Amino acid sequence: MRTFIINTLNQIPAVNKKLDINSTLKSNEWLVYSDTEGEIEKFLFTDKDVLLVTVNGKTTNSKWQFMKVNSSLLIDDGINQYMFNIIVCCKDIIVLNVDSTNNFSFLINTKSKALHEAKWWDIQCFLMKKYNIDFFNGTEKQTFLEMEKKEAEERDRRASSWKNLISIIVLIAILVFVGKSIVNYSREEKKKQEYKRTHPDMLITRIENRQAVDLGLSVKWAICNIGANKPTEKGNKYGWGDSSGVIYTISTGELISDEEDGFFGYGFPKRHE
């Protein structure tokens, strides 16, 4: 198994005790990270503590055991036994530290989307971002921080763009709502006005004014118009043959507006077939 000597790690974090490390190890196939081209080494942890090690298709059997007491992994290749401290164990990567040394190995889940075909830089960035584990040297650390700054600025820019877009959408929605409300209000007001015009308030002639006089024309005449209480009042408006109080014109059969007046222009209501 390929190991890397790393002297820049100041502090080795403790493994997450809540993880089911046994299950994580056994439920995935692990690729041993190596910077050697042409060499592909894979680990497969089985239920019977058998570790299948495949190097470019050639498979050998070893033994493995998870030591819960110190969160370590014991590997026996039949010749030597090695104890690895488990630094990180997740669905994407396992970071192992050879006990009491600065040697580290990295096992990458072959189905990992985050670390598919990962290079050393990708592994460094992943561990720094997710677990705050710093494997960078001075130059790499500066490059990483500059990259993080640019990514943060880009995220802020996208967030600001989304906020502006959402604000515009909300404003358009408000304008559409207000516009529809104004249109609906105008329609309702028009309906109310039309209803009021076609259903006028009828005036009532008080009982004491309901008197008749004889003008010598064979019938008696009221002292004022229907709805009026004085001879000078107009009273209700009626067209010929119309007792509803809604006045129509003779020429067009349309309603006469409240402003129009006169008598000879009144006619029959328009018939709607």
Side-chain angles (χ1 to χ4, degrees), residues 1-137 140-141 144:
M1 180 168 58
R2 180 77 165 87
T3 61
F4 297 84
I5 299 176
I6 301 174
N7 296 313
T8 58
L9 187 64
N10 297 320
Q11 183 178 1
I12 299 177
V15 68
N16 188 344
K17 302 292 186 180
K18 295 181 181 179
L19 289 175
D20 186 351
I21 294 177
N22 264 307
S23 176
T24 303
L25 289 170
K26 292 186 291 185
S27 60
N28 300 286
E29 180 186 50
W30 301 95
L31 175 68
V32 180
Y33 173 74
S34 173
D35 55 3
T36 303
E37 294 185 4
E39 181 179 286
I40 300 176
E41 183 178 8
K42 296 180 181 179
F43 280 9
L44 190 62
F45 297 89
T46 68
D47 288 332
K48 297 181 180 180
D49 295 338
V50 174
L51 173 61
L52 299 178
V53 180
T54 302
V55 180
N56 293 341
K58 185 178 179 180
T59 304
T60 58
N61 291 351
S62 298
K63 294 288 185 180
W64 73 279
Q65 183 180 359
F66 171 60
M67 311 293 291
K68 189 174 182 180
V69 64
N70 61 348
S71 299
S72 63
L73 181 65
L74 186 65
I75 295 179
D76 184 354
D77 63 4
I79 300 175
N80 298 300
Q81 288 186 337
Y82 302 92
M83 179 172 287
F84 296 90
N85 299 315
I86 301 176
I87 307 304
V88 173
C89 183
C90 66
K91 65 181 182 64
D92 294 297
I93 189 172
I94 298 172
V95 179
L96 302 175
N97 167 235
V98 181
D99 188 50
S100 302
T101 72
N102 288 333
N103 291 62
F104 291 83
S105 290
F106 304 90
L107 308 183
I108 299 173
N109 189 343
T110 56
K111 296 182 179 179
S112 171
K113 295 180 180 179
L115 293 174
H116 179 65
E117 297 183 353
K119 304 298 181 183
W120 175 232
W121 173 258
D122 302 319
I123 294 173
Q124 288 175 294
C125 293
F126 179 86
L127 294 174
M128 186 65 181
K129 289 179 180 180
K130 194 164 185 179
Y131 298 102
N132 198 30
I133 297 177
D134 185 359
F135 282 116
F136 295 112
N137 59 36
E140 291 172 338
K141 183 66 173 292
F144 173 79

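What you are looking at is a predicted structure, and each value in this text was computed from that prediction instead of being measured.
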Between [X] (side chain only) and [Y] (backbone N and O only), is there a donor and an acceptor less than 3.5 Å apart?
| X | Y | result |
| --- | --- | --- |
| Ser112 | Leu115 | yes |
| Trp30 | Leu25 | yes |
| Asn80 | Asp76 | no |
| Asn97 | Thr101 | yes |
| Glu140 | Asn137 | yes |

ask   = Taking NZ, NE, NH1 and NH2 as the nitrogens, is one of them in Arg2 or Asp35 under 4.0 Å from a carboxylate oxygen of the other?
value =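 Salt bridge present between Arg2 and Asp35.
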
key: Closest non-hydrogen atom pair, Gly38 against Asn56   = O-ND2, 3.1 Å

remark   = What one should report as the nearest heavy-atom pair of Ala114 and Phe126 is CB-CE1, 3.9 Å

Student check: side-chain heavy atoms of [X] and [Y] closer than 4.5 Å:
| X | Y | value |
| --- | --- | --- |
| Met1 | Leu107 | yes |
| Asn22 | Thr24 | no |
| Ile86 | Ile21 | yes |
| Leu73 | Trp64 | yes |
| Asp134 | Lys141 | yes |

With sequence neighbours excluded, residues passing side chain to side chain contact (heavy atoms under 4.5 Å, CB included) with [X]:
| X | result |
| --- | --- |
| Thr3 | Val98, Asn103, Ser105 |
| Leu52 | Leu44, Thr46, Val50, Thr59, Asn61 |
| Leu127 | Val88, Ile93, Val95, Phe106, Ile123, Tyr131, Ile133, Phe135 |

task = Assess whether atom NZ of Lys111 is packed by more than 12 heavy atoms of other residues, nucleotides or ligands within 6.0 Å.
result =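 Incorrect, the count does not exceed 12.
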
inquiry  = List the residues meeting ring pair (Phe, Tyr, Trp, His ring centres under 6.0 Å) with Phe66, not counting sequence neighbours, and say none if there are none.
reply    =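 Scan of Phe66 (ring pair (Phe, Tyr, Trp, His ring centres under 6.0 Å), adjacent residues dropped) gives none.
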
query = Phe144: what forms a ring pair (Phe, Tyr, Trp, His ring centres under 6.0 Å) with it, not counting sequence neighbours?
reply =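 Checked Phe144 against ring pair (Phe, Tyr, Trp, His ring centres under 6.0 Å); matches are Phe136.
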
How many angstroms lie between [atom1] in [X] and [atom2] in [Y], if you round to the nearest 0.5 Å?
| X | Y | atom1 | atom2 | value |
| --- | --- | --- | --- | --- |
| Ser23 | Lys91 | OG | NZ | 14.0 Å |
| Thr110 | His116 | OG1 | NE2 | 10.0 Å |
| Cys125 | Lys119 | SG | NZ | 14.5 Å |
| Cys89 | Ile94 | SG | CD1 | 4.5 Å |
| Glu41 | Lys58 | CD | NZ | 12.5 Å |

query = What do the steps show when you test Leu96 against Asn85 for side-chain contact (heavy atoms from CB on, under 4.5 Å), and what is the final call?
reply = CA-CA 6 Å; Leu96 302 175; Asn85 299 315; over 6 Å; no

ask   = Among pairs that include at least one residue of residues 43-53, which meet salt bridge (Lys or Arg N to Asp or Glu O under 4.0 Å), considering only residues two or more places apart or in two chains?
value =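 Residue pairs with at least one partner in residues 43-53: Lys26-Asp47.
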
task = Tell me yes or no: between the side chains of Asp92 and Asn109, is some donor less than 3.5 Å from an acceptor?
result =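 No donor-acceptor contact under 3.5 Å links the two side chains.
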
